[in-house]
Every structure is written in structure tokens, then in C-alpha cells.
Number of protein chains: 2
Amino acid sequence: MAAGTTRRRNATERASEIRDAAATIALTRGLAAISLRNLAAHCGVTAPLITHYEPNMEALVASTFASIAENEIAEVERYALAPAEPLAQIRALIEAIADPARDNVGEVWTDAWSLGRRNESLAEAARQSMDSWHALAIRIIRAGQDAGQFAPVNPERAALVLFALVDATSAYQLVNFRTRETRESLVRETLEDMLDISLTTDGEPAAR
Amino acid sequence: MAAGTTRRRNATERASEIRDAAATIALTRGLAAISLRNLAAHCGVTAPLITHYEPNMEALVASTFASIAENEIAEVERYALAPAEPLAQIRALIEAIADPARDNVGEVWTDAWSLGRRNESLAEAARQSMDSWHALAIRIIRAGQDAGQFAPVNPERAALVLFALVDATSAYQLVNFRTRETRESLVRETLEDMLDISLTTDGEPAAR
DNA sequence: ACTCTTATTGAACAGGTGGTAAATAATGGA
DNA sequence: TCCATTATTTACCACCTGTTCAATAAGAGT
């Protein structure tokens, strides 16, 4: 900051700057790195100012996670529901989830489970976002079954299995367990077997 | 500590006392709670003494995790391999894993994935123990297939799926997602479908 | 009884955490 | 132009983190 020049921002603008900083920190250094000082440094401001806007760090961690997670779900949902056919939808869903650009979000999820044990608001946010994920999967699976394209397994359980595999593999990734290809195909092939579908477009009648 | 009485212990004894303290702290307060001061307080000793025995906290976290994980695997393996029949073995395996007494270990695993991102020794230890788990599952699954009792699916993938479900549900537990019964049956029923077996002993010919 | 080794402590360091009270100063409105 | 509001800072607090250095004292060996 330039000497003597104490820039003053209106409250809502500053508040959203801080929330953005929290999200950036969470995605690059983990949920545990969200702290008064890190936020202050990131915004070029002193620590007590952060307190002024966010009097409770635990709550900020929780709301930051919620924002990141809900944001991701909204994006993925938009991408997955774009096609009309359930088979194309579930392919899009898997494709979106597997995108390496989402690795950081996976890290934040793992942080959330670990920290959620001692941060009830965070745990609550995690449960809520998990419900959103499952609702999306169930919706697609049901549609595929109604269209007679997916095997008639229990949709709730299939959705749960799908996301359990996704969640486990994203945790595995943090410690570099197996290769990305192995982790991805674990999800893909299990889902193919479970719903009796093919997630690749090989051998499909070309739609062009 | 009593006035003037500075108890002195031989090095190996003190070293193992510290390692035990680390394990206790990890299991009750998480891997992240392993710190010089927590260890010192737990052993009734000053912080620099801990440094004397464990000059590197990151390494201690990693070795503590490795010890807890390998210990658990050894226990579960002993229990699961006790019966002769593969079907009885996999039932024992699932039963052992589901035991609520192991909840703490599940928490430590989730900590390990989260912290492993920034502690390579810890990540390495996690990979190694995950390999041990998978080896155990593959062994039982292969035996069941050789005996014609399990469906002839890819054993590597089935083992991976099994532990991905176990790992995900133990992460879910930290944030109280769904009920224990739902989490358990997710693992159980998926495994039953995958291997075409029954994990309950209902309707079995009684072996007495 | 003496000496040598070394387990252990006390006291400090630099830096991190969340948080508070009061002073400062920029801004919007009258 | 002055005032009231409030965003922002400065200066603290207590407690946590890992780490270093030198002094202390317990125990083992002779």
C-alpha cells in the first residue's frame, strides 16, 4: 500500500473480496490454510480488519467450503444435464468429474472430511453438498432406467456407490496412490458394470 | 513431577514411550494433533526432550500413521484368515472392518490423505498400507473364485472397489453423513452384488 | 568415591494461531 | 465546510508451533 494512502472500500465489496481470498487460499493451500493472517496478507490488509468482517474463522472455513462445493455442483450439473439422453448425461457427468481442473476441489473435499470432525458447521456443509451430488446422480440414473437404458438397480445405492468411488479416488490422489488412469477407470468400469452401460462412445452410431 | 525428582529412563524405553504417546494422540485427537508440546505433556516431560528423540515431527507423524495402519491390517488379517473357507473369510473381513472400535483408525486414514498432500513420507506410508489392504482382499477374492464360490470378476478391481467404498464411508463418518447402518450396507450389498455372494449367515446350513 | 556419559531441563528464539480495545482517518451526507 | 459514520490500523493479549543452547543432574563404569 502506498504511503499515507489508506484506501477505504465499501463493506460489501470488501466482504466479497475476503470471501474470494478464502476460496483461493482453500483451493491452493487447503482449507486448513484459511487463517486471519493469510487472508490479511492476501488482501493487503491487517488481520483485525478480517476479524471485523469475519468474526469466526470456523464459520468462514465452513462457508468457504460450501461455496466451493456448491459452485462445483452447479457447474457439473449444468454440463451433465445439457444433453437430452440419460446415457449422454451420465457420460458428461463422469467426464466433468474426471477433469483434472477439478483436482483442487477434490483436495478441499478431503480437507472437509478431516476437519469436519471438529467443525460442526463444516460437517453440516459437507453433508448438504453430498446430498446435492447424490440428488443429481439419482436424477440421471432414474431417467436412464425409465428410458430402459440402465439396469434396474436401486438408484439410491447406485448413486451412493458412484460418489463413494469418486470421493475415495480423489482422496487417493492426494497421496498419489496408483495412476490417474487407474483411479478413473475404477470409477468408470464399476459404473458401467453396475448400470450395464458403456461410457465410451466407441462403436456408437455416429450422431453427425 | 515431584520436586527434585528427575526420573531418568534409558533411551530405548523413552523412545517407545514417545512413539506410544504419538499413537494415542493420533487416535484420539487426529494426526494433526501430534506436536512437541502435546507429546511432552502426555509423557510428563519437557518439549526439548521430545526433540531429542524425534527431531522431525513430519517424520514422526508418518511413522506413527504407518504403525497404526500396519497394526490394524495385521489384526484384521489375522481375524479374516482364521476361517478356512473363502466365504467365511470375506465375511470375517467385512465384520472386522465394520467394527466401531476401528472408527478411530478410520479417522487417522482420512487425516493421512489430507495431510499426505504436504508430507511426502506420510503419503508414502499411506500408499504402502493401501497396498497391504488390497493384497489381503485380492488374496481372499482369488481364493473364493478358485473355489468357484465368487463371481469371476477382475480381483484387482473388485479389491479396489471394496476398499474405495470402505475408505469413502469412513470419511463420511467423520461428518456424520447418513447412518452407520446405511454406510455399512453400502459396502456390504455392493460387495454381495459384485461377487454374487451372501455376507449374512441367514439360511445357511448350520455348521454345528 | 570419582568420572564420564547422556538423559533431561530451563530459558530463550522466531513465528504461527484467533482475538480485543482503542485510536486513526477516509468517506458520504447535511 | 463540517459532522457523523465506519473502514481501517496500531498495539496488544494468550496461546500455539518447531527449534536451539547451555546448564543440570542422574546413572553406569571404574
Side-chain angles (χ1 to χ4, degrees), chain A residues 1-22 25-26 28-65 111 114-115 117-122, chain B residues 1-22 25-26 28-64 111 114-115 118-122:
Chain A
M1 36 206 120
T5 327
T6 304
R7 263 163 238 288
R8 200 184 155 122
R9 228 169 260 210
N10 71 55
T12 65
E13 198 181 330
R14 182 65 87 186
S16 79
E17 183 193 8
I18 292 172
R19 282 193 299 267
D20 288 353
I25 290 171
T28 55
R29 294 192 273 160
L31 278 184
I34 296 180
S35 74
L36 287 178
R37 265 104 181 151
N38 283 345
L39 288 164
H42 196 278
C43 297
V45 120
T46 60
L49 184 63
I50 306 293
T51 303
H52 178 70
Y53 288 93
E54 297 288 345
N56 186 330
M57 275 301 118
E58 278 204 354
L60 177 61
V61 168
S63 66
T64 300
F65 167 79
D111 288 342
S114 177
L115 300 176
R117 184 178 8 167
R118 270 150 197 118
N119 181 341
E120 174 52 32
S121 328
L122 179 56
Chain B
M1 37 205 118
T5 326
T6 306
R7 263 162 239 289
R8 200 184 159 122
R9 226 168 262 211
N10 70 55
T12 64
E13 196 182 331
R14 181 66 86 185
S16 79
E17 183 193 9
I18 292 172
R19 281 193 299 267
D20 288 353
I25 291 171
T28 54
R29 293 193 274 161
L31 278 183
I34 295 181
S35 74
L36 288 180
R37 265 120 184 134
N38 283 346
L39 288 165
H42 196 277
C43 297
V45 121
T46 60
L49 183 63
I50 306 293
T51 304
H52 179 69
Y53 288 94
E54 296 289 345
N56 187 331
M57 274 302 119
E58 278 204 354
L60 178 61
V61 169
S63 65
T64 301
D111 288 342
S114 177
L115 300 176
R118 268 147 199 123
N119 180 342
E120 176 50 33
S121 327
L122 179 57

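Given the structure is predicted, the values throughout are model-derived calculations rather than measurements. Only this structure's heavy atoms are used, side chains among them; waters, hydrogens and symmetry mates stay out. Each chain gets a letter, A, B and so on, in the order its sequence line appears, and its residues count up from 1.
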Completion exercise
A correct 5'-to-3' footprint of nucleotides 16-22 of chain C, with B, S and - meaning base, sugar-phosphate only and no protein heavy atom under 4.0 Å, is -BBBB--
Exercise for the section: With the side chain of B:R14 defined as its heavy atoms from C-beta on, choose the nearest nucleotide among C:dT9, C:dT8, C:dA25. Expected result: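 The listed nucleotide nearest to B:R14's side chain is C:dT8.
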[X] [atom1] to [N] [atom2]: how many Å, rounded?
{"X": "A:Y53", "N": "D:dT8", "atom1": "OH", "atom2": "C1'", "answer": "8 Å"}
{"X": "A:I50", "N": "D:dT9", "atom1": "CD1", "atom2": "C1'", "answer": "13 Å"}
{"X": "B:L49", "N": "C:dA11", "atom1": "CG", "atom2": "C1'", "answer": "16 Å"}
{"X": "B:R8", "N": "D:dA26", "atom1": "CZ", "atom2": "C1'", "answer": "5 Å"}
{"X": "B:H52", "N": "C:dG10", "atom1": "NE2", "atom2": "P", "answer": "16 Å"}
{"X": "A:N10", "N": "C:dG29", "atom1": "CG", "atom2": "C1'", "answer": "16 Å"}

Quick one: pull up [atom1] in [X] and [atom2] in [Y] and give me the separation to the nearest 0.5 Å.
{"X": "B:R37", "Y": "B:T46", "atom1": "CZ", "atom2": "OG1", "result": "10.0 Å"}
{"X": "B:H42", "Y": "B:T28", "atom1": "NE2", "atom2": "OG1", "result": "6.5 Å"}
{"X": "B:I18", "Y": "B:R9", "atom1": "CD1", "atom2": "CZ", "result": "9.5 Å"}
{"X": "B:E58", "Y": "B:E120", "atom1": "CD", "atom2": "CD", "result": "10.0 Å"}

Exercise for the section: May I ask you to decide if B:A33's main-chain N or O and B:N38's side chain share a donor-acceptor pair within less than 3.5 Å? Expected result: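 At least one qualifying donor-acceptor pair exists.
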Exercise for the section: Write down the atom of A:L115, the atom of A:A32, and the distance for their closest heavy-atom approach. Expected result: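 Where A:L115 meets A:A32 most closely, the heavy atoms are CD1-N, 4.0 Å.
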Practice task
Indicate, yes or no, whether a donor-acceptor pair under 3.5 Å links the base of D:dT8 to the side chain of A:R9.
Solution key: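 No pair found.
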